[in-house]
Engineer: 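Before we start, here is the structure in question, set down as C-alpha cells.
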Amino acid sequence: MITREEIANVLDQPVYDGDGNKIGDAKHVFFDDMTGRPEWVSVKTGMFGSTESFVPIRDAALVQDHLEVPYGKDQVKGAPSVDVDAGGHLSETEEHRLYDYYGINWDSVLSEAERTDDDRFAAGPGTAGAAGAAGAAGAAGVAGTRGEAGGKDLRGAGAGGTAGTAGGMTGRQDAMEHEAMRGDQAMTRSEEQMHIGVERHESGRARLRKYVVTEEVQQTVPVTHEEVRVVREPITDANRDEAMAGPEISEAEHEVTLHAERPVVETETVPVERVRMTTEELTENETVRGQVRKERIEAETESFTEDEMRRGDKRRGRE
C-alpha cells in the first residue's frame, strides 16, 4: 500500500501493470476523507495522455521509479470515465461504479473505513487523526461520519473544534491540493504542456500483378511456288541426234513434280525486362492543434477605512 509520504514519488511517474506493460503516467492521487489514506490514482493514458483513468491504489506498489498496479493495461484503459475536474472529488455513485468495475467489494471498503474511523475517534481529544485530510481539527480530533447518501464524508466532530483549514471538504481530495494547503503558505501553479509525436500506420497497399494478353501480329513474308511452262525448241544440227533417238511415231508421257512454299509460324518465349516496386518517403508539414490547461493564482485583498470599519463595510479587491 502506498503511504502519504510516498505520494511525491508517485505523481508524474510511469504506471505499469503486473506484466510489465506501461499504462501511462500518474497524474493525481485521491485520498479517502474518512481514512485519510491514498485510495485512487488517476493515470494519463492514450496518445499524448489524452485520457485519464482511475485505478485503486490500495494494492499498488512503488517499484524503483514507477508504480505497479495489479490490473491489466486494457482493464485500466477501459475503466468508467470520471470527471476529474468536478471539484476534485469523487461522488459516491462514481466511486461505487469504479469499485464494481475492479471487482472490489463495496461493503468491505465501508467496513474498513468504519474501523479506521473508530480508531481515530478512540485516540481522544487533541488528536488530529491518522488522515489529516481536512486540516487541523480542534481539541476533540476529527471523526468521519456517514452522509445521508451512504457515501463518505469528513466533518469536525470535537466540542469546540473547527472543521479544518480546508473548510469542511467532502469526498476525494487531489493530493497536490492537500500539499498546497498544509505546510507553508505557498501554492504550486502547474500547467499542461503539449507533446506531439507521430505514429506509423497503414495508409494503403500496392502490388505487382502479371497477366497474359493475346495480340494479333501481322507480318509479310515472301513465298515461292513452281508452275509448268512448255518450252518448244526447233530441231537443229545440235539436237538432231537426240531428237531422232526414239521411235518415229509413238505415244509418250512425261511427269514433273511441282513445289510451293507456305508460311510456318513458331513462337519463342524470351525475357524482355525486369519490373519491381520500391517505396520512398515524402515529408510534409501538418499542423496539429490541441488544448492545454494552465493554472492561474490571484491574490484577494480586503481594505477598509476607519469609518467603514465602524459601519462594518468592506471593500474587496483582487490582484
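For the single chain, residues carry numbers from 1 onward in sequence order.
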Engineer: Only counting residues at least two apart or in another chain, list the ones meeting side-chain contact (heavy atoms from CB on, under 4.5 Å) with D237.
Structural biologist: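 Only R240 meet the side-chain contact (heavy atoms from CB on, under 4.5 Å) criterion with D237.
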Engineer: Quick one: CD on E286 to CD1 on I196, what's the gap to the nearest 0.5 Å?
Structural biologist: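 Taking CD in E286 and CD1 in I196, the distance rounds to 10.0 Å.
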Engineer: For N21, is there any backbone N or O sitting under 3.5 Å from a side-chain donor or acceptor partner on D19?
Structural biologist: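 No.
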Engineer: Test of understanding: with salt bridge (charged side-chain N to carboxylate O under 4.0 Å, His left out), list the residues that count as partners of E192, not counting sequence neighbours.
Structural biologist: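 With sequence neighbours excluded, E192 shows a salt bridge (charged side-chain N to carboxylate O under 4.0 Å, His left out) to R293, given in chain and number order.
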Engineer: Test: salt bridge (charged side-chain N to carboxylate O under 4.0 Å, His left out). Region: residues 262-275. Which pairs qualify, not counting sequence neighbours?
Structural biologist: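 For residues 262-275, and leaving out neighbouring residues, there are no salt bridge (charged side-chain N to carboxylate O under 4.0 Å, His left out) pairs at all.
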Engineer: What residues form a side-chain contact (heavy atoms from CB on, under 4.5 Å) with P263, not counting sequence neighbours?
Structural biologist: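 P263: side-chain contact (heavy atoms from CB on, under 4.5 Å) contacts with V221, V223.
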Engineer: Nearest 0.5 Å, please: how far is OG in S53 from CD in Q75?
Structural biologist: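 Going from CD on Q75 over to OG on S53, the span is 11.0 Å.
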Engineer: Indicate yes or no: at least one non-hydrogen side-chain atom of V29 is less than 4.5 angstrom from one of V10.
Structural biologist: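 V29 vs V10: side chains touch.
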Engineer: How many angstroms lie between atom CZ of R58 and atom CD1 of I104, to the nearest 0.5 angstrom?
Structural biologist: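 If we round to the nearest 0.5 Å, R58:CZ and I104:CD1 are 5.5 Å apart.
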Engineer: Measure from the side-chain N and O atoms of E39 to the backbone N and O of F30, and report whether any donor-acceptor pair falls under 3.5 Å.
Structural biologist: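 No, the answer is negative, given that no donor and acceptor are paired below the 3.5 Å cut-off.
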Engineer: One thing to verify: whether E191 and R189 come together as a salt bridge, which I'm taking to mean a side-chain N less than 4.0 angstrom from a carboxylate O.
Structural biologist: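 E191 and R189: salt-bridged.
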Engineer: Please give me the minimum heavy-atom distance between R97 and S81, naming the atom from each residue.
Structural biologist: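 Closest approach of R97 to S81, heavy atoms only: NH2-O, 3.4 Å.
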Engineer: Evaluate whether atom CG of N105 has more than 12 neighbouring non-hydrogen atoms of other residues, nucleotides or ligands under 6.0 angstrom away.
Structural biologist: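 Enclosed.
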Engineer: Could you walk me through whether V15 and V55 pass the side-chain contact (heavy atoms from CB on, under 4.5 Å) check?
Structural biologist: CA-CA 10 Å; V15 180; V55 189; 5.7 Å; no
Engineer: Crowded around M244 CE? As in, over 12 foreign heavy atoms under 6.0 Å?
Structural biologist: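 No, CE of M244 has 12 or fewer neighbouring heavy atoms, counting only those of other groups under 6.0 Å.
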Engineer: With sequence neighbours excluded, what pairs up with Y16 under the side-chain contact (heavy atoms from CB on, under 4.5 Å) test?
Structural biologist: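 Listed in chain order: P14, K22, H66.
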Engineer: In the hydrophobic clustering that connects Ile, Leu, Val, Met, Phe, Trp and Tyr at side-chain heavy-atom distances below 4.5 Å, which members other than V230 occupy its cluster, ordered by chain and number?
Structural biologist: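 Once heavy-atom contacts under 4.5 Å are chained together, V230 still belongs with nothing else.
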Engineer: Under 4.5 Å side-chain heavy-atom separation, chaining through any Ile, Leu, Val, Met, Phe, Trp or Tyr, what else clusters with V212? Say none if it is isolated.
Structural biologist: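 Taking Ile, Leu, Val, Met, Phe, Trp and Tyr as members, V212 stands alone, with no cluster partners.
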Engineer: With sequence neighbours excluded, what pairs up with E233 under the side-chain contact (heavy atoms from CB on, under 4.5 Å) test?
Structural biologist: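 Checked E233 against side-chain contact (heavy atoms from CB on, under 4.5 Å); matches are V231, N239.
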Engineer: With rounding to the nearest 0.5 angstrom, report the CD1 to CG distance, I23 to D74.
Structural biologist: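 One finds 9.5 Å between CD1 of I23 and CG of D74.
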Engineer: So, using salt bridge (charged side-chain N to carboxylate O under 4.0 Å, His left out) as the criterion, who are the partners of R289 when residues are at least two apart?
Structural biologist: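 Partners of R289 under the salt bridge (charged side-chain N to carboxylate O under 4.0 Å, His left out) test: none.
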Engineer: Using a side-chain heavy atom cutoff under 4.5 Å and only I, L, V, M, F, W and Y, what cluster partners does V265 have?
Structural biologist: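 V265 clusters with nothing; isolated.
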Engineer: Which hydrophobic side chains are connected to V228, either touching it within the sub-4.5 Å cutoff or through other members that do?
Structural biologist: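 Its cluster mates, by chain and number, are L258.
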Engineer: Calculate, to the nearest 0.5 Å, the distance between atoms NE2 and CD belonging to H28 and E52 respectively.
Structural biologist: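 These two atoms lie 6.0 Å from each other.
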Engineer: Roughly how far, to the nearest 0.5 Å, is the CG atom of D25 from the CG atom of L67?
Structural biologist: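 Nearest 0.5 Å value for the CG-CG distance: 11.0 Å.
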Engineer: So which heavy atom on K27 is nearest to which on L11, and how close?
Structural biologist: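 The pair with the smallest heavy-atom distance is O-CD2, 3.7 Å.
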Engineer: Examine distances only and state if a side-chain atom of Y99 and a backbone atom of P56 form a donor-acceptor pair shorter than 3.5 Å.
Structural biologist: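 Side chain of Y99 to backbone of P56, a donor-acceptor pair under 3.5 Å: no, none is there.
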Engineer: Of all heavy-atom pairs between F54 and A79, which one has the smallest distance, and what is that distance?
Structural biologist: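 That would be O-CB, 4.0 Å.
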Engineer: With clusters defined by side-chain heavy atoms of hydrophobic residues (ILVMFWY) lying less than 4.5 Å apart, directly or transitively, does V288 cluster with V292?
Structural biologist: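 Yes, V292 and V288 fall within the same hydrophobic cluster.
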Engineer: Do any pairs count as a side-chain hydrogen bond (donor to acceptor under 3.5 Å, both in side chains) and have a residue in residues 250-259, sequence neighbours left out, and if so which ones?
Structural biologist: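 Applying side-chain hydrogen bond (donor to acceptor under 3.5 Å, both in side chains) to every pair that reaches into residues 250-259, excluding sequence neighbours, yields E226-H259.
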